[in-house]
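Keep in mind it's a predicted model, so treat the numbers as computed, not measured. Residue numbers begin at 1 in each chain, while the letters A, B, ... track the order of the sequences.
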There are 2 protein chains.
Amino acid sequence: MDSSIVKLRSKLEVYKAMTDGGNLSDCPVRDVIQGLSGKWSSLLMAALAEQPYRFGELRRLVPDISQRMLTQTLYDLQRDGYVHREVFPTKPPSVEYSLTDLGRSMFEALQHLLQWAENNHDAVRGARATFDAGQA
Amino acid sequence: MDSSIVKLRSKLEVYKAMTDGGNLSDCPVRDVIQGLSGKWSSLLMAALAEQPYRFGELRRLVPDISQRMLTQTLYDLQRDGYVHREVFPTKPPSVEYSLTDLGRSMFEALQHLLQWAENNHDAVRGARATFDAGQA
DNA sequence: GGGTGTTGGTCTCAAAAAGAGACCAGCACT
DNA sequence: AGTGCTGGTCTCTTTTTGAGACCAACACCC
């Protein structure tokens, strides 16, 4: 079973790792997860996991992200060490974003969740439809 | 290697699964991920993965969540089929939240990411510190 | 040399989401 | 009668996000 490594740790431990200290600054796991829980983070990670992209390419690739949020999300990902930003001295200068080793490592863990989402989206959509019908 | 199953699919495919159609409603993966990318979702999932909890217990367990966001996040998790809500006719009535099978299945995938966060938080914190020092 | 296009942003303003905290009904217990 | 506990909701303020205008610098074209 591919989840054996994870299962060796009790769920309680993972939970405690998220709440230890009671506040964010004392809880590293929450601190890290926070940076990934934005609306665009996982999407941009998935894009950059495929290949490095330039700013404008990413903007065209994800048409419904605002330029402002693209800038900011890339900045945050870079700050947390997942993404490398390189400016090429062309005219006008172009900027390439790529995953760091840390970013690739993180994406491997994230990918399980993306995979699950792809495999189970109809179950989720079904649950949502049933729920909404019941509330109506 | 425990990630072999995932690696069988190309990263490109996962990425395409997140962008197909160009908008949210046509992209199931983004639709599902969206529901999990909130600030509190993963934390509450981790808590409920440990054991079922009542509303007030969760509130005490996560002291820095507002009652308003606790209500709403649990509602969303319930709507997407991850969480079961049961009202017991005590006086005053108590409400218990627990994971569904779908929720447990999803948490298994999520746990990889939580695990990674726990293992690598010092790398992330280090990257952040270095970055901030460079910007100063 | 003047007009147009490209680059990767920033700035402002409006809309949406989140946080803080008061408030509520219903009943038990004292 | 007063107090407490339950799981919420309501309102108000602050923060975050979204939409879109604007920018400098240069290249290319004529």
Side-chain angles (χ1 to χ4, degrees), chain A residues 19 22-25 27 30-31 33-44 47-48 52-80 83-98 131 134-135, chain B residues 19 22-25 27 30-31 33-44 47-48 52-80 83-98 131 134-135:
Chain A
T19 50
N23 62 35
L24 185 64
S25 55
C27 177
R30 282 176 64 180
D31 189 27
I33 292 296
Q34 203 86 312
L36 274 359
S37 68
K39 183 174 177 181
W40 304 106
S41 313
S42 52
L43 180 55
L44 292 180
L48 294 175
Y53 278 112
R54 289 176 39 194
F55 185 88
E57 291 176 317
L58 285 172
R59 188 160 49 86
R60 283 185 291 273
L61 219 46
V62 188
D64 53 344
I65 191 175
S66 68
Q67 205 163 348
R68 191 181 152 284
M69 284 314 292
L70 181 55
T71 303
Q72 188 179 309
T73 307
L74 286 171
Y75 181 91
D76 292 343
L77 291 175
Q78 186 196 356
R79 190 172 98 100
D80 282 6
V83 162
H84 171 71
R85 178 179 186 270
E86 189 163 5
V87 182
F88 293 96
T90 56
K91 312 280 182 166
S94 62
V95 181
E96 188 183 83
Y97 292 91
S98 56
F131 184 83
Q135 299 292 308
Chain B
T19 51
N23 62 34
L24 185 64
S25 55
C27 177
R30 281 175 65 181
D31 190 28
I33 292 297
Q34 204 88 311
L36 274 1
S37 66
K39 183 174 176 180
W40 303 107
S41 312
S42 53
L43 180 55
L44 292 180
L48 294 175
Y53 278 111
R54 290 176 39 193
F55 186 87
E57 292 176 317
L58 286 172
R59 189 161 48 85
R60 284 186 290 274
L61 218 46
V62 188
D64 54 344
I65 192 175
S66 68
Q67 205 163 348
R68 190 182 154 285
M69 284 315 292
L70 181 55
T71 301
Q72 188 178 308
T73 306
L74 287 170
Y75 182 91
D76 291 343
L77 291 175
Q78 185 196 356
R79 190 172 100 99
D80 283 5
V83 161
H84 173 70
R85 176 179 186 271
E86 189 164 5
V87 182
F88 293 96
T90 55
K91 311 283 181 171
S94 63
V95 180
E96 187 184 84
Y97 292 91
S98 55
F131 184 84
Q135 298 291 310

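Counting to the nearest Å, the P atom of D:dT6 and the CD atom of B:Glu96 are 14 Å from each other. For the pair A:Leu70 CG and D:dG18 P, the computed distance is 11 Å after rounding to whole Å. In this structure, B:Arg59 places its CZ atom 10 Å from C1' of D:dC5, rounding to the nearest Å. Atom CD in A:Gln34 sits roughly 12 Å away from atom P in C:dA18 (whole-Å rounding). Rounded to whole Å, the distance from OH on B:Tyr75 to P on C:dA18 is 15 Å. Separating the CG atom of B:Leu58 from the C1' atom of D:dG7 is a distance of 12 Å, rounded to the nearest angstrom. The distance from atom CD1 of B:Ile65 to atom P of C:dA20 is 11 Å, rounded to the nearest whole Å. If you take NZ of B:Lys91 and C1' of C:dA25, they are 12 Å apart, rounded to a whole angstrom.
Counting only distance, with no hydrogens or angles, the side chain of A:Thr71 and the backbone of A:Gln67 share a donor-acceptor pair below 3.5 Å.
If B:Gln67 and B:Gln72 are placed on DNA chain C by their nearest nucleotide, the residue sitting closer to the 5' end is B:Gln72. Toward the 5' end of DNA chain D, the nearer of the two residues A:Gly38 and B:Glu57, judged by each one's closest nucleotide, is B:Glu57.
Set against C:dG19, C:dT12, D:dG7, the side chain of B:Ser94 has D:dG7 as its closest nucleotide. Closest approach to the A:Tyr97 side chain among C:dG9, D:dG7, D:dA25 is made by C:dG9 (side chain taken as heavy atoms from C-beta onward). Here the side chain of B:Phe55 is nearest to one of C:dA20, D:dG7, D:dG18, namely D:dG7. Relative to the side chain of B:Arg60, the nucleotides C:dG9, D:dG7, D:dT6 differ in distance, and D:dT6 lies closest. Here D:dG18 is the nucleotide among D:dG18, D:dG8, C:dG9 with the atom lying nearest to any side-chain atom of A:Met69. Here the side chain of B:Arg68 is nearest to one of C:dG21, C:dT7, D:dG8, namely C:dG21. When distances run from any side-chain atom of A:Pro92 to the nucleotides C:dG19, C:dG9, C:dT7, the shortest one goes to C:dT7. Out of D:dT6, C:dG8, D:dT9, the shortest distance to the side chain of B:Thr71 is found at D:dT9.
Contact between A:Lys39 and B:Gln34 at its shortest, heavy atoms only, is CE-NE2, 3.1 Å. Shortest non-hydrogen contact noted between A:Ile33 and B:Ser42 is CG2-OG, 3.5 Å.
B:Tyr75 and A:Phe131 have perpendicular rings, their planes meeting at more than 60° on a 0 to 90° scale where under 30° would count as parallel.
Side-chain atoms of B:Glu57 and B:Leu61, non-hydrogen and from C-beta on, never get closer than 4.5 Å to each other.
Checking the phosphate oxygens (OP1, OP2) of D:dT16, no side-chain nitrogen or oxygen of B:Lys39 falls inside 4.0 Å. Within the structure, every side-chain polar atom (N or O) of A:Trp40 is placed at least 4.0 Å from both OP1 and OP2 of D:dT16.
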